[in-house]
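Owing to the predicted nature of the structure, the values given are computational and were not obtained by experimental measurement.
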Amino acid sequence: MYDLAVALQQVAAMDRVCIALVDATRARFFTFDRGVNEDQGSEPLGEPSALVRHLGEPARPASKLERHDLEFARMAMAAFRELIDEHGAQRAIVCANGPMLGKLRAAAPGILPAQLPVDALVGDFAQLPSAEVRAKLAAQGLLPARAM
């Protein structure tokens with residue numbers, strides 16, 4: 001009986017996910033929740049918040065732009081941590097292009113919980129509709145495929 005209870009807790013834990021899609025100007029945050037007794041894979045992504053970066057003047061020195069990118073990455077990770085704490089996520093997914101993903105990884109220690117499993121995916125998904133994001137994450141095996 002104890003083994004069954006532990007197994008059910010582990011299944012439920014894998015079904016509470018927070019997702020961050022970040023590019024140079026925007027961070028979108030999603031939640032994915034699937035209860036143990038719910039239909040397999042028919043749940044939509046919830047999009048509780050977004051963070052938009054205002055770049056201001058277009059011609060900035062590279063060093064200043066780099067510093068602003070790092071600052072935006074820290075802000076995005078701090079907002080993501082709030083969502084993770086609020087949602088009680090058991091797993092996180094972060095998607096960004098290569099350079100931004102590096103900045104997010106540099107910003108994550110001390111912000112994201114050290115014990116939280118985080119999957120990182122290189123890709124520019126921040127502008128995509130949520131259904132397309134869901135399909136791309138399912139194709140990568142990070143979320144269950146959506147039932148038809």
Heavy atoms, side chains only, cut-off 4.5 Å: are [X] and [Y] in contact?
{"X": "Asp23", "Y": "Met100", "answer": "no"}
{"X": "Val118", "Y": "Val94", "answer": "yes"}
{"X": "Asp69", "Y": "Glu71", "answer": "no"}

Any pair counted as ring-ring contact (aromatic ring centres under 6.0 Å, His included), so long as it reaches residues 100-126, sequence neighbours left out: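 Listed by first then second residue: nothing to list.
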Contact list for residues 76-116, test ring-ring contact (aromatic ring centres under 6.0 Å, His included), sequence neighbours left out: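 The answer is Phe29-Phe80.
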Pairs meeting criterion side chain to side chain donor-acceptor pair (under 3.5 Å) with involvement of residues 95-117, two or more places apart: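 Listed once each, the pairs would be none.
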Please list, chain by chain and in numerical order, all residues satisfying salt bridge (Lys or Arg N to Asp or Glu O under 4.0 Å) with [X], sequence neighbours excluded.
{"X": "Asp85", "value": "Arg81"}
{"X": "Arg74", "value": "none"}
{"X": "Lys136", "value": "none"}

Nearest-0.5 Å distance that lies between atom CG in Leu121 and atom CD1 in Ile93: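 So the gap between those two atoms works out to 8.5 Å.
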Worked check of side chain to side chain contact (heavy atoms under 4.5 Å, CB included) between Arg134 and Phe32: CA-CA 9 Å; Arg134 167 76 187 264; Phe32 175 81; 3.5 Å; yes
Smallest separation among heavy atoms of Ala76 and Leu104, with atom names: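 Looks like CB-CD2, 4.3 Å.
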For the student: nearest non-hydrogen atoms of Arg16 and Asp33, plus distance: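 Scanning both residues completely, I find the closest heavy atoms to be NE-OD1, 3.3 Å.
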Criterion side chain to side chain contact (heavy atoms under 4.5 Å, CB included) on Val17 and Gln90, from CA distance to verdict: CA-CA 6 Å; Val17 182; Gln90 300 298 318; over 6 Å; no
Evaluation steps, side chain to side chain contact (heavy atoms under 4.5 Å, CB included), between Ile19 and Thr31: CA-CA 6 Å; Ile19 303 157; Thr31 58; over 6 Å; no
Worked verdict on Leu137 versus Cys95 for side chain to side chain contact (heavy atoms under 4.5 Å, CB included): CA-CA 9 Å; Leu137 294 177; Cys95 303; 3.8 Å; yes
